[in-house]
Amino acid sequence: MIKIDEKHFEDILFGLIQTREGVEKLKARGFDIEYEPFSVYYRQLNMGAYGIPDIVRVFFNSYSINIDVIELKITDFNISQLLQLGRYLSGVNHFIRDAHSLTDSGRIITVRGFLMVAEFDSNNDYSWLSGMLRNEVCLYSTHYNIDGLKFEKQFPGYWSKTDIKTHLNQCVDIAALRNKFKQAYLKKQFTSDDLPF
């Protein structure tokens, strides 16, 4: 695996997200982001006590204002990175609350955070916190090799249908439970106690 420094990573991403072609390249490499033509981009935006996020993108149309905060890390995931992103998102939300012209415009305002890390271990307890923030925070592990930069979206706190089915089958005899409910239903259907007369 080739190592990349955080500034180089930021240079690459900041350059690509500003063009339609660049966003298409990012999407092809696994970063689920859309090109937005009416956007303003900030790099190392000083948000006072809230800190300095790597990249902020603000885009808007006649019915919505959207703000993406992107934090890049070349190290493996840890709780302080998620808390740091949370601080930036709090700062953006605080700014929006104080900017009455934004909230009074009638536009829907959406704030999202993207945390990019080297590796992600979903077996630790704190990684599941992001599941509680599923609409506001997206987590990605990143890989940089001879083929370039690749992104892998992470879904901590979520089980696939296959995982749920496997887990339930290990914990409960589904066939016996299904049969028990069926028998109870059939029995209930044919008892005179349930008749209205």
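Please read all numbers here as calculations on a predicted model, not as lab measurements. For the numbers below, each heavy atom of this structure counts, side chains included, while hydrogens, waters and symmetry mates do not.
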Let me confirm one number: the [atom1]-[atom2] distance from [X] to [Y], rounded to the nearest 0.5 Å.
{"X": "L82", "Y": "R87", "atom1": "CG", "atom2": "CZ", "value": "12.0 Å"}
{"X": "F151", "Y": "S141", "atom1": "CZ", "atom2": "OG", "value": "10.0 Å"}
{"X": "H143", "Y": "K150", "atom1": "NE2", "atom2": "NZ", "value": "9.5 Å"}
{"X": "M116", "Y": "K153", "atom1": "CE", "atom2": "NZ", "value": "10.0 Å"}
{"X": "L115", "Y": "C138", "atom1": "CG", "atom2": "SG", "value": "10.5 Å"}

M47/L45 under side-chain contact (heavy atoms from CB on, under 4.5 Å): CA gap, chis, key distance, verdict: CA-CA 6 Å; M47 295 174 39; L45 178 65; 4.2 Å; yes
Under a 3.5 Å cutoff, is there a donor and acceptor pairing between the side chains of T142 and E152? no
Test side-chain contact (heavy atoms from CB on, under 4.5 Å) on D68 and F59; report intermediate values, then the result. CA-CA 9 Å; D68 290 342; F59 55 99; 3.5 Å; yes
So, does [X] use its side chain to make a donor-acceptor pair with the main chain of [Y] at under 3.5 Å?
{"X": "N93", "Y": "I96", "answer": "no"}
{"X": "Y42", "Y": "I55", "answer": "no"}
{"X": "Q18", "Y": "G15", "answer": "no"}
{"X": "D76", "Y": "E119", "answer": "yes"}
{"X": "Y41", "Y": "I17", "answer": "yes"}

Do [X] and [Y] come within less than 4.5 Å of each other through their side chains, counting heavy atoms only?
{"X": "L13", "Y": "L26", "result": "yes"}
{"X": "L72", "Y": "F114", "result": "no"}
{"X": "P37", "Y": "Y35", "result": "yes"}

On a heavy-atom basis, which atom in S90 and which in Y50 lie closest, and how many Å separate them? C-CE2, 4.0 Å
Any idea which heavy atoms bring P53 and G51 closest together, and the distance? CD-O, 3.7 Å
Assess whether side-chain contact (heavy atoms from CB on, under 4.5 Å) is satisfied between V92 and V69, documenting all intermediate values. CA-CA 9 Å; V92 169; V69 178; 3.9 Å; yes
Please answer: with hydrophobic residues joined when any side-chain heavy atoms are less than 4.5 Å apart, are I52 and V111 in the same cluster? no
Is it true that I12 and V23 fall in one hydrophobic cluster, defined by side-chain heavy atoms closer than 4.5 Å? yes
Short N-O contact, [X] and [Y], less than 4.0 angstrom:
{"X": "R57", "Y": "E36", "answer": "no"}
{"X": "E71", "Y": "K73", "answer": "yes"}
{"X": "D54", "Y": "K7", "answer": "no"}

Between Y140 and F31, is the ring centroid distance below 6.0 Å? yes
Does the side chain to side chain donor-acceptor pair (under 3.5 Å) test come out yes or no for E24 and T19, once each step is laid out? CA-CA 9 Å; E24 291 304 316; T19 66; over 6 Å; no
Between I65 and T110, is the side-chain contact (heavy atoms from CB on, under 4.5 Å) condition met? List the steps. CA-CA 6 Å; I65 299 170; T110 305; over 6 Å; no
Regarding R43 and the six-membered ring of F14, is the cationic atom NZ or CZ under 6.0 Å from the ring centre and inside 45° of its axis? yes
